[in-house]
Amino acid sequence: MSSKPPIVLGIETSCDETAASVVRGVPPGPGEILSNIIFSQIAEHQPYGGVVPEIAARAHVELLDGIVERALDEAGLRLGELDAIAATAGPGLIGGVMVGLVSAKALALAAAKPLIAVNHLEAHALSTRLALGTPFPFLLLLISGGHCQLMAAEAVGRYRLYGATIDDAIGEAFDKGAKLLGLSYPGGPQIEQLARSGDAKRFSLPRPMLGRDGADFSFSGLKTAMSLIAKKVAPLSERDRRDLAASFQAAVVDVLRDRVHAAMQQFRTEFGNSNGNLVAVGGVAANQAIRSALAEAAQSAGFELSLPPPALCTDNGAMVAWAGLERHYLGLKDPPDVSPLARWPLQALGSA
Ligand code: KG4
Ligand code: ZN
């Protein structure tokens with residue numbers, strides 16, 4: 001490998017964001033984001049109250065070429081100047097994942113560059129290294145629309161599960177809760193907004209799994225309780241919606257705090273006192289109330305807290321480019337016939 005920091009293009013199409021980015025850097029980071037183009041399809045999906053896979057896949061097909069071109073233009077680079085081409089290969093909506101991966105394969109072939117098939121969850125996990133240069137090992141809280149898990153991140157490709165949701169993902173809980181309040185998709189940011197001026201003590205909602213052994217989560221009971229209250233109080237006034245949003249968010253925050261606390265203890269037991277770094281990534285980690293609660297929890301346990309900026313928490317191409325860069329740096333690449341995967345847990349990644 002040359003001594004110049006590698007430059008990698010990353011493509012993200014696993015859900016409703018079509019994104020491409022060019023990053024440069026050397027692990028553990030921080031890396032330099034040379035361009036980061038993102039097109040959110042929210043408007044296309046809003047009438048349906050959630051992401052429609054067929055619509056997403058078609059939109060990715062229409063948008064991706066132009067977005068890759070812009071990512072290269074803004075970085076001031078030609079394809080031939082890249083060191084590798086990375087794309088999310090799963091997990092996600094398979095139609096969209098195929099669009100991104102096939103494009104990356106074509107670009108890699110045309111430019112004779114290595115192809116890196118990136119696990120979307122690993123891209124979230126490593127976004128903290130792109131943003132802050134976080135060293136391994138760290139305790140990873142991955143909170144997104146499709147996932148809610150706590151893991152020990154030991155190295156690129158090496159993750160051990162401490163706990164995960166046994167039903168809904170946390171972002172899903174936010175989105176379903178928002179729907180009950182008559183808010184549009186995606187609901188997380190809107191709940192956060194409403195909750196700012198609401199009374200979190202007005203409605204009493206359950207805190208599932210609080211105090212339980214291990215670090216698993218559960219959110220479906222919370223959603224059911226919220227739905228019962230919403231029906232009882234209906235029609236909801238603006239005040240009711242604010243208070244319910246605040247009560248819901250407070251319950252989620254309490255559950256997260258408790259589960260993270262249990263996981264920090266486990267991490268300490270395994271890695272010793274000097275290695276306490278809590279990292280939160282994924283779309284829900286953009287939530288300010290959650291960020292503050294995690295800061296408090298980390299401080300009280302003597303952990304450092306690493307939070308990528310909100311724009312790197314939600315889906316983006318830079319995290320995919322960076323995960324590709326980390327794998328490329330270790331000499332890893334994928335064959336041109338690598339398959340997209342709808343399901344691909346982080347623990348299943350081969351150790352680098
Ligand atoms: O990581 P992400 O962009 O996509 C997935 O890989 O799932 O996460 C999207 C999820 C959605 O459920 C959205 O409602 C939630 O993250 N989200 C938030 C906030 N911003 C995004 N949830 C709570 N508060 C936020 N500020
Ligand atoms: Zn994501």
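All ligand and atom numbering here is 1-based and tracks the order in the structure.
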salt_bridge([X], [Y]) N-O dist < 4.0 Å:
X: Arg70; Y: Asp73; answer: no
X: Asp240; Y: Arg202; answer: yes
X: Lys223; Y: Asp168; answer: yes
X: Lys179; Y: Asp175; answer: no
X: Glu62; Y: Arg58; answer: no

Q: Decide side chain to side chain donor-acceptor pair (under 3.5 Å) for Glu122 and Tyr159; before the verdict, give the C-alpha distance in whole Å, the side-chain angles of both, and the deciding distance to 0.1 Å.
A: CA-CA 9 Å; Glu122 178 160 66; Tyr159 303 88; 2.6 Å; yes
What protein heavy atom lies closest to [atom]? Include the residue and the distance to one decimal.
atom: atom 24 (N) of ligand 1; result: Asn287 ND2, 3.0 Å
atom: atom 15 (C) of ligand 1; result: Val284 CG2, 3.9 Å
atom: atom 12 (O) of ligand 1; result: Asp175 OD2, 2.7 Å

Quick one: are [X] and [Y] in side-chain contact, heavy atoms under 4.5 Å?
X: Tyr162; Y: Leu139; answer: yes
X: Leu181; Y: Phe248; answer: no
X: Ile33; Y: Leu312; answer: yes

Can you list the atoms of ligand 1 that are under 4.0 Å from a heavy atom of [X]?
X: Gly171; result: 12 (O)
X: Thr314; result: 3 (O)
X: Gly283; result: 1 (O), 2 (P), 8 (O), 16 (O), 17 (N), 18 (C), 19 (C), 20 (N), 21 (C)
X: Gly145; result: 5 (C), 7 (O), 8 (O), 9 (C), 10 (C), 12 (O)
X: Gly146; result: 7 (O)
X: His120; result: 6 (O)

Q) Can an N or O of Glu192 be found at a distance shorter than 3.5 Å from an N or O of ligand 1? A)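 Checking ligand 1 against Glu192, an N or O pair does fall under 3.5 Å apart.
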Q. For Gly188 and ligand 1, does the shortest N/O to N/O distance drop below 3.5 Å?
A.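 There is such a contact, yes.
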(Q) For a quick check under 3.5 Å, do Ser306 and Glu304 share a side-chain donor-acceptor pair by atom type? (A)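 No, no side-chain donor-acceptor pair sits under 3.5 Å.
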(Q) For the residue pair Gln149 / Thr165, report whether a side-chain donor-acceptor contact shorter than 3.5 Å exists. (A) no
Contact partition for [X] relative to ligand 1, non-hydrogen atoms under 4.0 Å:
X: His124; value: side chain
X: His147; value: neither
X: Asp315; value: both

Q: May I ask you to check if any N/O/S atom from Cys15 comes under 2.8 Å of the Zn ion (ligand 2)?
A: no
Q: Please confirm if an N, O or S atom belonging to His120, backbone or side chain, lies less than 2.8 Å from the Zn ion (ligand 2).
A: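 An N, O or S atom of His120 is closer than 2.8 Å to the Zn ion (ligand 2), so yes.
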Q.
Could you identify the N, O or S atom of Asp315 positioned closest to the Zn ion (ligand 2)?
A.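 Atom name of the closest N, O or S in Asp315: OD1.
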